[in-house]
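Shown next, in structure tokens, is the structure this report addresses.
Values below: every heavy atom of this structure, side chains too, minus hydrogens, waters and symmetry copies. Note that the structure is predicted; figures quoted are calculated from it, not measured.
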Amino acid sequence: MPTARTTANIYTHALNIVRGDRGMVHNLLFTAQKSANVTFSLKEGRCVHLNSEGEFETGASGNQMPLFVLQTESDPDVDQTYSEDDYQVFPAGAITAVVATAGVELSTTEYDTERTYAPNDLLRAPVANTNATTGGRLTNESVVKVASATPASSTCVCGVVSVGEDDHPNAKNEQVLRFWPIFQMGANGL
Amino acid sequence: MQTTEKDIALYNEAFRHAVESGNEKQAAELTEEYTRTQVRESGFIRQIVPFRPLTDKRRIQKSLSHDKPYLVEEKEPDSPGAVTVPYRTGPMGFYIRGKRYPVGFVRIQTQMARKDTAELWTYEQDIRQIISDNEVKEIQTEEDGKALTAMEAFLVGPDQTVPYSGVAQWQTIQGGIDRNTTQEGLAIMEKTPSRFSPSTVLINNVTMREILKWGRDEVGGDLSQDMLKDGFTYEKFMKVRWIITIKRELVPDMRMYYFGPENSLGKAYELESPTMYIKREGPEIAYYHYEHVGMSWGHSGGLAIADFE
């Protein structure tokens, strides 16, 4: 009996540099290992920040600079696998991410698809290292900007919606969210 | 071939001319030729596991969930052995299966170096040395370091049992480095079910001095005198090849890494050999080196480590 495939296809988790891509040699990128505090496999397009050990954890809060991941952790250029009787030398687990202050427009599959997005909506990415659904996933829910009535409750803002939801450029049945990455600090832990 | 000062000056002039005339490809070729020579001579892991160019790209595996290149390699399957049986007894059966393991690929690259071309005129020293040696050596060091890090993780840890063999293949040996303890180290690999003997030993130059200290009664005969006079010059010693490295940051003092026959270790490939990217924008040149390689340890039986205390 035929069964539906549950493994992701190439388009399921994707980050695209829509505008401002100056090539991998010149883009503002950062490479680091994933922290062991993140208990799920990191997907391309998720938002991360650097922890005090210089490793990536999910989302961004407070004064954590947001970055957007360019690889899926399980892909063979990142995932260093081993068995009882073999061990990969390369790769070595390094992940590269686009820094939020890069002058680019991005599109990502990693956003809360239950919500609607309008141009200029502010985006945040929850820090949730043990939640594979929400950890580092963009949303416009509960974003509190600094210039609000409650600045003490301001959340770290990591993006501004440009177009909103759009078709993936070469997979029309996949939806992406187009946005400009920015960095606006939030209150501690928010 | 010995490189003379005249060669250096001619090379530098040719390089400056190539860059100033906008011929980036020629400039890259001038350096690329020397780059490959340095790669062959530097680094130790390539002397142990040769990095073979992957010429048949059809071997690259495809996946539904990603488009990153990787290979699948095969290794010798186990066999169930033979038994003694009485009459009227037929054989048991098994379905043939072969073991496989993946080889993933990555780029190893240096940082981008930049220079105003006018400032190149002020150098008399060998620019080839600046461009090629240091950057390519960094690539080699990265290969060496990652290979040893993976090997150490594969062997679990000092005096820890490797699950596949049931033997501790990374051992701490007391008594310094003498004739007896050196043989104990060489025997680690032979105690595994794979029964390989070491073909290569990797140590650093400081550790090698412990062997050069061996007196006549330790070594046996005039070899002690020869080592004192000439240092360690032997292609093989104790029936193994010794690779002596100055990279003490990778190979610690008083540690020996043992490697079995080449076909017992694993696989290493080059998708792109070390290449120089060079670009000129106005008066500025920029360049970096990169390569595209993959490597896996395919079997723990051909690996062992000894720390001597």
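Residue contact with chain A, scored on non-hydrogen atoms closer than 4.5 Å, involves the backbone and the side chain of B:Met295 alike. For chain A, no part of B:Ala268 is nearby; none of its heavy atoms comes within less than 4.5 Å. Only the side chain of B:Ile108 comes within contact range of chain A, judged by heavy atoms closer than 4.5 Å. Contacts between A:Gln80 and chain B at a heavy-atom distance below 4.5 Å involve the side chain alone, from C-beta outward.
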Quiz item: Which is it for A:Phe179 and A:Phe68 under the ring-ring contact (aromatic ring centres under 6.0 Å, His included) test, yes or no, and what are the steps along the way?
Solution: CA-CA 12 Å; A:Phe179 67 103; A:Phe68 298 90; 5.2 Å; yes

Quiz item: A:Arg178 and A:Leu106: side chain to side chain contact (heavy atoms under 4.5 Å, CB included), yes or no, with the steps?
Solution: CA-CA 6 Å; A:Arg178 281 176 59 177; A:Leu106 299 175; over 6 Å; no

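Contact annotation: the side chain of B:Thr161 never approaches that of B:Val167 to less than 4.5 Å [non-hydrogen atoms, C-beta and beyond]. Under the 4.5 Å side-chain criterion, counting only non-hydrogen atoms from C-beta, A:Gln175 is in contact with A:Tyr111. Counting only heavy atoms from C-beta outward, the side chains of A:Cys156 and A:Arg124 never approach each other to under 4.5 Å.
For the set B:Met151, B:Lys75, B:Arg107, the entry with the most heavy-atom pairs within less than 4.5 Å of chain A is B:Lys75. Ranked by heavy-atom pairs shorter than 4.5 Å toward chain A, the options B:Gln109, B:Lys68, B:Met112 are led by B:Lys68. Per-residue heavy-atom pair counts under 4.5 Å with chain A were compared for B:Phe154, B:Tyr70, B:Trp297, B:Tyr101, and the maximum is reached by B:Phe154. In terms of heavy-atom pairs under 4.5 angstrom with chain A, the leader among B:His299, B:Glu73, B:Lys99 is B:His299. Interface check for chain A: of the options B:Ser65, B:Ala153, B:Ser165, the most heavy-atom pairs under 4.5 Å are formed by B:Ser65. When each of A:Val78, A:Asp85, A:Asn9, A:Ile10 is scored by its heavy-atom pairs under 4.5 Å with chain B, the top score falls to A:Asp85.
Heavy-atom minimum distance, A:Glu55 versus A:Lys34: CB-C, 4.3 Å.
Aromatic ring orientation, B:Tyr269 versus B:Phe105: tilted (interplanar angle from 30° to 60°).
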